[in-house]
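Notes to accompany the following structure.
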Amino acid sequence: MMETFAPQVLLFSLAGAATGWLYFALLRRSLVSRDGKPSTSGFLFLLMLRLAIVGAGFWAIAQEGAAPLMAALAGFLVVRFAMQRRMVEG
């Protein structure tokens with residue numbers, strides 16, 4: 001059991017990181033409009049898409065148990081901190 005635990009944790013943390021990267025890429029896209037004019041319908045569509053992706057991803061991972069869910073959340077948070085640092089530093 002223990003020899004398969006580490007690869008599973010790594011796999012789920014990478015899945016969480018990929019989910020986080022996609023979430024924050026869509027967030028950035030929704031905040032930066034192409035023509036400089038904010039589009040309410042585009043913003044709402046990307047908001048619903050982000051929430052659906054994160055909700056479905058974490059729901060699917062939660063079906064595997066608490067440890068995979070915590071690993072995915074850790075991966076998501078690592079990406080969040082990296083994106084924040086990237087935005088602050090320019």
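Only this structure's heavy atoms are used, side chains among them; waters, hydrogens and symmetry mates stay out. Sequence positions, counted from 1, serve as the residue numbers for this chain.
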Inset, instruction - Answer with yes or no whether the hydrophobic clustering places Tyr23 together with Phe43; edges join I, L, V, M, F, W, Y residues whose side-chain heavy atoms lie under 4.5 Å apart. - result: yes

Given the options Leu69, Leu73, Ile61, Phe12 meets side-chain contact (heavy atoms from CB on, under 4.5 Å) only with Ile61

The reported gap from CG in Leu26 to CG in Leu46 (rounded to nearest 0.5 angstrom) is 6.0 Å

Open item on the list: When you compare the side chain of Arg50 with that of Leu47, does any pair of heavy atoms fall below 4.5 Å?
Closed with: yes

In sequence, state the C-alpha distance, the side-chain angles, and the governing distance for Leu44 and Ser41, and then conclude on side-chain contact (heavy atoms from CB on, under 4.5 Å). CA-CA 5 Å; Leu44 289 176; Ser41 62; 5.9 Å; no

Practice item. Determine, using the 4.5 Å side-chain heavy-atom cutoff (strictly less than), whether Val9 and Leu14 are members of one ILVMFWY cluster. Key: no

Taken to the nearest 0.5 Å, the spacing of Ile53 CD1 from Met48 CE works out to 13.0 Å

_In the structure I gave you, are the side-chain heavy atoms of Arg28 and Met87 within less than 4.5 Å of one another anywhere?_
yes

Applying ring-ring contact (aromatic ring centres under 6.0 Å, His included) to Phe58 and not counting sequence neighbours gives Phe76

dist Leu11:CG -> Glu64:CD (nearest 0.5 Å) comes out at 9.5 Å

Nearest heavy-atom contact between Val79 and Ala17 is CG2-O, 3.3 Å

Residue pair Ser30 / Leu27, side-chain heavy-atom distance below 4.5 Å = yes

